Amino acid sequence: MRDFTITRKGGVRVLVLGRVREVMETVCNELADAGLQVTGTVEPEEAAARYHAGEFALIAFGKGIPAPLRDRLKRGFSAQHPNVRLLDTFAPRAAWQILSALEDGPAAPPVDLAAYCRRIGYRGPRTPTLETLRALVERHTAAIVFEALDVLLGHGVDLDPSMVDRKLITSGRGGYCYEQNGLMKRVLMAMGFEVDGLLARVRWGQAPGAAPMPRSHMALRVTIDAVPWLVDVGFGGWGPSAPLRMDTAAPQATRHEAFRIFPFGDSLLVQSRPDERWWPLYELSTEPQLDADFEPFNWYTSTHPGSPFKRSLMVARTTSEGRFTLLNARLTIRRPDGDVDRRRLDVDGVEAALRETFCLPVQPAWRAAIQPAVVSDTEPAEEA
């Protein structure tokens, strides 16, 4: 029989709903070993009729349950007992997620939504809809620029939420993928969105046939009405300027370029079309990552001598007027109509661009990183 339950004597009682018997046994046994009283079933369709929410402190839903069924079950259980705790889980981390939730953690680290919205100039609704998501992505990429000056200066990057918020929200700075998408993840979760952090293997800028890079880029999957959307406000000058559906290979137009996403081996390949052909941006793993999973990649990216951010000055900003990128001494402006303006700057010009084009609070100490980047840049402006 597909229907089964596991009940173990213990303390707090929880109900776990899933699809695969072996997975359910593994999760329930781990929870029981932790001292919980566990009931599980792999036939969730009638769970709201067979179990009463008032009997449980928490009801957990596995990712294998389709979103429409999960939403129907949540409505049914909430009608039975409005205060019951409902939790979406991912099998490899389900026991940890459930135990943490029962201990009132780990909630997404808090973020000052009012301060964030002021920072990006957003005055719209804070409801978890696609319209809200699109507006946030557009305003975020225009207001909070991509930059890794701290890495170039040898300061490293601290992913503690309070440090990220102080830098990106309070101090008017920008950041790179872990800071940008980490902040966006907390903002979206605070607004009620379903968000997963993902890892990607960058292919953009790699020589044909080059050895694969490690997975070192952070992106987000935001699920709305059972549809997965890619959100990436941390890929710099070529990242998607709008949410992209992850469940179709069809080209998706944005204000700037078209993008497409399709299965590629055990990952998804994200491509953009800035000219007459498609170019790969990165291979995206669909396995959800914990915040802790990004720490070693952030350390590697911000400290390893081979990191591109240790060698080059890279800044990017995307607005409705175009894409603005700075690579060492080369400033490039790409307009939505296809017009491209390239300029070579001196040290003073780079500082002026950082201040005026990228709206950064330029500090005197930055000159120590800017001057070598300008002097060592012998590439023609057309290469930016």
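Just so you know, these numbers come straight off a predicted model, no measurement behind them.
Defined by atom type and a distance below 3.5 Å, a donor-acceptor pair is missing between the side-chain atoms of Arg255 and Thr319. A donor atom on one side chain and an acceptor atom on the other are found under 3.5 Å apart for His217 and Asp232. His140 and Tyr122 share no donor-acceptor pair across their side chains, judged by distance under 3.5 Å alone. Inspection of the Arg323 and Thr318 side chains reveals an N or O donor paired with an N or O acceptor under 3.5 Å.
Both tests do not hold together for Arg273 against Trp279: distance to the six-membered ring centre under 6.0 Å, angle to the ring axis within 45°.
A salt bridge does not link Glu138 to Arg134: none of the charged nitrogens lies less than 4.0 Å from a carboxylate oxygen. We find that Lys63 and Asp196 are joined by a salt bridge, their nearest charged nitrogen and carboxylate oxygen being less than 4.0 Å apart. Using a 4.0 Å cut-off between a side-chain N of Lys or Arg and a carboxylate O of Asp or Glu, Arg343 and Asp341 qualify as a salt bridge. Using a 4.0 Å cut-off between charged side-chain N and carboxylate O, Arg367 and Asp348 make a salt bridge. For Glu45 and Arg19, the salt-bridge test passes: some basic side-chain N is under 4.0 Å from an acidic carboxylate O. For Lys74 and Asp88, the salt-bridge test passes: some basic side-chain N is under 4.0 Å from an acidic carboxylate O.
More than 12 heavy-atom neighbours from other residues, nucleotides or ligands sit within 6.0 angstrom of CD on Gln363. Within a 6.0 Å sphere centred on CG of Asp339, other residues, nucleotides and ligands contribute more than 12 heavy atoms.
Applying the salt bridge (Lys or Arg N to Asp or Glu O under 4.0 Å) definition to pairs two or more places apart or across chains, those involving residues 242-253 are Arg245-Asp247.
For Ser376, the side-chain contact (heavy atoms from CB on, under 4.5 Å) criterion is met by no residue, not counting sequence neighbours.
Each of Val222 and Leu284 belongs to its own hydrophobic cluster when Ile, Leu, Val, Met, Phe, Trp and Tyr are linked at side-chain heavy-atom distances under 4.5 angstrom. Trp278 and Val270 fall into different hydrophobic clusters, where Ile, Leu, Val, Met, Phe, Trp and Tyr residues are linked whenever their side-chain heavy atoms come under 4.5 Å apart, directly or through other members. Connection of Val27 to Val38 is established within a shared hydrophobic cluster, with ILVMFWY side chains joined at heavy-atom distances below 4.5 Å, either directly or through further cluster members.
The side chain to side chain donor-acceptor pair (under 3.5 Å) test with Tyr176 singles out one residue from Thr301, Asp150, Asn298, and that residue is Asn298. In summary, of the residues considered (Arg186, Lys185, Met184), a side chain to side chain contact (heavy atoms under 4.5 Å, CB included) with Val111 occurs for Arg186 alone.
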